[in-house]
Amino acid sequence: MSRDELVAYFNAGGDISELLRDATAGPDLGPTPSPDAIPMIVTGVRLPSDVVRRLDQLAGNDRGGRSGVIRQAIDEFLERHAGEAA
């Protein structure tokens with residue numbers, strides 16, 4: 001997959017967990033860009049398997065998949081708690 005294809009995949013909200021499972025280290029790509037320059041940042045969250053199954057059922061055939069459902073839930077949470085300190 002080319003860099004442009006990878007960026008397009010991330011921009012479309014694709015779930016890369018399957019791609020990362022068997023990933024190996026590749027060549028050095030140079031300095032790490034600023035987080036503000038990256039449209040999406042991959043982060044890991046541990047969830048119980050029954051929660052993941054429910055997320056997958058909810059996502060169904062939605063293009064955003066599990067990640068899209070989680071992003072939407074986080075967006076709604078942040079909107080509800082805007083201006084609050086943790």
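Pairs engaging residues 72-81 under the salt bridge (Lys or Arg N to Asp or Glu O under 4.0 Å) rule: none recorded [sequence neighbours left out]. Counting only residues at least two apart or in different chains, side chain to side chain donor-acceptor pair (under 3.5 Å) contacts with residues 23-52 are absent. The ring-ring contact (aromatic ring centres under 6.0 Å, His included) analysis of residues 31-80, with sequence neighbours excluded, yields the pairs F77-H81.
The same ILVMFWY cluster, assembled from side-chain heavy atoms under 4.5 Å apart, contains both V51 and I74. Under the 4.5 Å side-chain contact rule for hydrophobic residues, V69 and L78 share a cluster.
In this view, E5 and S2 satisfy the side chain to side chain donor-acceptor pair (under 3.5 Å) rule, not counting sequence neighbours. Applying the side-chain contact (heavy atoms from CB on, under 4.5 Å) rule to L29 yields no partners; only residues at least two apart in sequence or on another chain are considered. Residues satisfying the salt bridge (charged side-chain N to carboxylate O under 4.0 Å, His left out) test with R54, not counting sequence neighbours, are none.
Side-chain contacts under 4.5 Å among hydrophobic residues (ILVMFWY), followed directly or transitively, place I41 together with I38.
Atom CG of L47 is separated from atom CZ of R53 by 12.0 Å, given to the nearest 0.5 angstrom.
Side chains of V45 and I70 form no contact here, defined as non-hydrogen atoms less than 4.5 Å apart.
G64 and R71 make their closest contact through O-NH2, 4.3 Å (heavy atoms, listed as atom of the first residue, atom of the second, distance).
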